[in-house]
Trainee: 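Below you'll find the structure I mean.
Keep in mind that this is a model prediction, so the values were computed, not measured. The analysis underlying the following values was restricted to heavy atoms, covering all of them including side chains, and did not include hydrogens, waters or symmetry mates.
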Amino acid sequence: MRPPVAAALAESLLRETDLTVEDELKTLSCLGIAAGLSGDRKRAVEAGARMERLVLAHPELALAFRARAYSQAGSVFHGAGQIHRAEAAYLRVQDLARQLPADEAALFQATTLSNIGLIHAGYLDSPEVADGFHRKALAIAASVGLEDPAILHNHVLNLVRLGRTAEALAVIDQGEAMAHRRQALAVVERLRAERAGIWIAQGRLGPAQQVLTSVIRAQQTSADTPGLAGSLAKLSTLQRIAGDPTAALATARRAWSHVDGTPQPQKQREVLRAWMAAHAALGQTDGVMAVGARLHALEMETLKAQRLASLAELQARSESAAAQRELQAMRHKAQIQSLNEERTR
């Protein structure tokens, strides 16, 4: 089901008057994810915020269900580019998970650590730090027999970025097998695209093109637009290396149409770099500068979002500290007043 259709269906279900709290949370999660994939950040954030309010309003919900709801709200915020809110939701998951039995807690911790790794790689430009989170996530998942191909996919993305191609190929093999077992077809195609990207870097253009042709067809059918953008960026790179920069430029522009205005910084960077390289291969200096300006603006926008989030957190902490100091002063004043009253008796 395409994301816009899924979002519309979720909204129609939310208008039902007999939904249980659990069903409402599940439907809001579907709405948030679908709206985020459709590029409708505002609607996605509203869905995530409604989920948080609903959980807070119903403390009687089972602990594991509350943890899952916060985890899903974090994913919604993450997909909408609201990184500070995503991190806050993930921290709530960790707090709740500590109160669960060890095996159950591990399931939440593995997913949360993997998502935090994505934040460090995609928004904080810290793939080395992200590597530690991904490895912890994989170790915890293995300790309880959890099979989540998305965790392996996230690890692959980071390994590729770190240039650890041999390890990345091994993890891709493992991830593809797991994704097939779990019928996670979108993850299968994204992993296949990453394999093709490594083959392109190794000069194996023929096999890489065959894989990308198949992957792009599948991603068009499934409407996995971020995945499609990444695959098209890789195809653009292949076309440029193969000596067809004109086709590479057209493919890069097509890739950009799938991530323009979306909260997909990693995919946007990949597409913009392929686009710049195509202009450079054609000797189009103005084109290189124009696309380079977009890449610079993206980096500045990410940095600005980080700073605003840090300022918001600092302000919240400051306000909390000020409130604590005021409360302490009131208590101290009350103690002095009590002592004075005792002395006057």
Trainee: Is Glu46 salt-bridged to Arg43, cutoff N-O under 4.0 Å?
Mentor: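 So Glu46 does not pair with Arg43 through a salt bridge.
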Trainee: Going by heavy atoms in the side chains, are Glu52 and Arg92 under 4.5 Å from each other?
Mentor: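 In short, these two side chains touch, coming nearer than 4.5 Å.
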Trainee: Report whether Leu118 and Leu138 are members of the same hydrophobic cluster (ILVMFWY, side-chain heavy atoms less than 4.5 Å apart, transitive linking).
Mentor: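 Different clusters.
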Trainee: Hey, are the side chains of Gln202 and Trp199 touching, using non-hydrogen atoms and a 4.5 Å cut-off?
Mentor: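 When only atoms from C-beta onward are counted, Trp199 and Gln202 do touch, with a gap below 4.5 Å.
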Trainee: Write down the atom of Ile140, the atom of Ala106, and the distance for their closest heavy-atom approach.
Mentor: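 Heavy atoms only, the tightest pair is CG2-O, 3.3 Å.
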Trainee: Looking at CG of Leu191 and CD of Gln174, how far apart are the two atoms once the value is rounded to the nearest 0.5 Å?
Mentor: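 Rounded to the nearest 0.5 Å, the CG-CD separation comes to 10.5 Å.
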Trainee: Between atom CZ of Arg66 and atom CG of Leu56, what is the distance when rounded to the nearest 0.5 Å?
Mentor: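 Result: 8.5 Å between the selected atoms.
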Trainee: In a check of side chain to side chain contact (heavy atoms under 4.5 Å, CB included) between Tyr90 and each of Leu113, Ile119, Thr111, Asp95, which one passes?
Mentor: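 The passing option is Ile119.
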Trainee: For a 4.5 angstrom cut-off between non-hydrogen side-chain atoms, does Ile198 reach Ile172?
Mentor: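 They are in contact (side-chain heavy atoms under 4.5 Å apart), so the answer is yes.
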Trainee: Flag yes if Leu272 and Leu282 sit in one hydrophobic cluster, no otherwise; membership is Ile, Leu, Val, Met, Phe, Trp, Tyr, and two members link when side-chain heavy atoms are under 4.5 Å apart.
Mentor: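 Linked, Leu272 and Leu282 end up in one cluster.
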Trainee: Verify the neighbour count for atom CD of Glu60: are there more than 12 heavy atoms of other residues, nucleotides or ligands below 6.0 Å?
Mentor: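 Yes.
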Trainee: For the pair Glu194 and Arg190, find out whether any cationic side-chain nitrogen is under 4.0 Å from an anionic carboxylate oxygen.
Mentor: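 Salt bridge: no.
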Trainee: Could you tell me the separation between the CG atom of Leu205 and the CD atom of Gln239, rounded to the nearest 0.5 Å?
Mentor: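 The distance works out to 11.0 Å.
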Trainee: Is the closest side-chain heavy-atom distance between His258 and Pro226 below 4.5 Å?
Mentor: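 With C-beta onward as the side chain, the pair stays apart.
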Trainee: Do Val215 and Leu169 share a hydrophobic cluster (ILVMFWY, side-chain heavy atoms under 4.5 Å, transitive)?
Mentor: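 As far as the 4.5 Å side-chain criterion goes, Leu169 and Val215 are not connected within one cluster.
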Trainee: If you measure from CD on Glu167 to CG on Leu159, what distance do you get to the nearest 0.5 Å?
Mentor: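 If we round to the nearest 0.5 Å, Glu167:CD and Leu159:CG are 4.5 Å apart.
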Trainee: Quick one: do Asp148 and Arg182 make a salt bridge, cutoff under 4.0 Å?
Mentor: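 Here Asp148 does not pair with Arg182 in a salt bridge, since their nearest N and O are not under 4.0 Å apart.
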Trainee: Is the shortest side-chain heavy-atom distance between Gln268 and Thr262 below 4.5 Å?
Mentor: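 Counting from C-beta outward, Gln268 and Thr262 do come under 4.5 Å.
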Trainee: Between Thr20 and Asp23, is the side chain to side chain donor-acceptor pair (under 3.5 Å) condition met? List the steps.
Mentor: CA-CA 5 Å; Thr20 64; Asp23 285 342; 3.3 Å; yes
Trainee: Locate the shortest heavy-atom distance separating Ser236 from Ala252; write the atom from each residue and the value.
Mentor: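 Closest pair (atom of Ser236, atom of Ala252, distance): OG-CB, 3.6 Å.
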Trainee: Could you walk me through whether Val5 and Leu9 pass side chain to side chain contact (heavy atoms under 4.5 Å, CB included), step by step?
Mentor: CA-CA 6 Å; Val5 177; Leu9 177 59; 5.5 Å; no
Trainee: Side-chain contact test, heavy atoms from C-beta onward, threshold under 4.5 Å: evaluate it for Arg181 versus Met178 and give yes or no.
Mentor: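 Yes, close enough: below the 4.5 Å cut-off.
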Trainee: Do Met51 and Tyr70 make a side-chain contact, defined as non-hydrogen atoms from C-beta onward lying under 4.5 Å apart?
Mentor: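 Not in contact.
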Trainee: Between Asp131 and Arg135, is the closest basic N to carboxylate O distance under 4.0 Å?
Mentor: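 Salt bridge flag = yes for Asp131 with Arg135.
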Trainee: What is the ring orientation for His134 with His155, classed by angle as parallel under 30°, tilted 30 to 60°, or perpendicular over 60°?
Mentor: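 It falls in the tilted class, 30° to 60°.
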Trainee: Compare every heavy atom of Ser231 with every heavy atom of Gln219, then report the nearest pair and how far apart it is.
Mentor: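 Looks like OE1-OG, 2.8 Å.
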Trainee: Minimum heavy-atom separation for Val156 to Ala168, with atom names?
Mentor: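 That would be CG2-O, 4.1 Å.
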Trainee: Please give me the minimum heavy-atom distance between Ala7 and Ala35, naming the atom from each residue.
Mentor: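 For Ala7 and Ala35, the tightest heavy-atom pair comes out as CB-N, 4.3 Å.
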Trainee: Side-chain contact test, heavy atoms from C-beta onward, threshold under 4.5 Å: evaluate it for Leu157 versus His153 and give yes or no.
Mentor: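 A side-chain contact under 4.5 Å exists here.
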Trainee: What about Leu19 and Val21, same hydrophobic cluster or not, with Ile/Leu/Val/Met/Phe/Trp/Tyr joined at side-chain heavy-atom distances under 4.5 Å?
Mentor: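 Yes, it is one cluster - the side chains of Leu19 and Val21 are joined through contacts under 4.5 Å.
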Trainee: To the nearest 0.5 Å, how far apart are CG in Leu228 and OG in Ser257?
Mentor: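 It comes to 8.0 Å.
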Trainee: Could you tell me the separation between the OG1 atom of Thr251 and the CG atom of Leu232, rounded to the nearest 0.5 Å?
Mentor: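 Reported to 0.5 Å precision, the distance equals 6.5 Å.
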Trainee: Taking Ser71 for the side chain and Ala67 for the main chain, is one N or O donor matched with an acceptor at less than 3.5 Å?
Mentor: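 No; zero donor-acceptor contacts below 3.5 Å.
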Trainee: Measure across Pro127 and Leu162 and return the closest heavy-atom pair with its distance rounded to 0.1 Å.
Mentor: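 Minimum heavy-atom separation between Pro127 and Leu162: CB-CD2, 3.7 Å.
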Trainee: Go through Trp256 and Arg294 one step at a time and tell me if the side chain to side chain contact (heavy atoms under 4.5 Å, CB included) criterion holds.
Mentor: CA-CA 11 Å; Trp256 181 250; Arg294 289 185 189 229; 3.0 Å; yes
Trainee: Evaluate the criterion side chain to side chain contact (heavy atoms under 4.5 Å, CB included) for residue pair Ser75 and Asn115; output intermediate values, then yes/no.
Mentor: CA-CA 8 Å; Ser75 296; Asn115 287 334; 4.0 Å; yes
Trainee: Check step by step if side chain to side chain contact (heavy atoms under 4.5 Å, CB included) holds for Met289 and His279.
Mentor: CA-CA 9 Å; Met289 296 295 289; His279 275 302; over 6 Å; no
Trainee: Would you find a donor on one side and an acceptor on the other, under 3.5 Å apart, between the side chain of Ser29 and the backbone of Leu25?
Mentor: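 The answer is no, because no donor-acceptor pair under 3.5 Å joins these two groups.
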Trainee: Under 3.5 Å, is there a donor-acceptor pair between the side chain of Arg240 and the main chain of Leu235?
Mentor: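 No; zero donor-acceptor contacts below 3.5 Å.
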Trainee: Can you get from Leu212 to Ile241 by hopping between Ile, Leu, Val, Met, Phe, Trp and Tyr side chains that sit under 4.5 Å apart?
Mentor: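 Same cluster.
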Trainee: Take atom CD in Gln209; do more than 12 heavy atoms of anything else shown fall under 6.0 Å from it?
Mentor: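 Not buried by this count: 12 neighbours or fewer within 6.0 Å.
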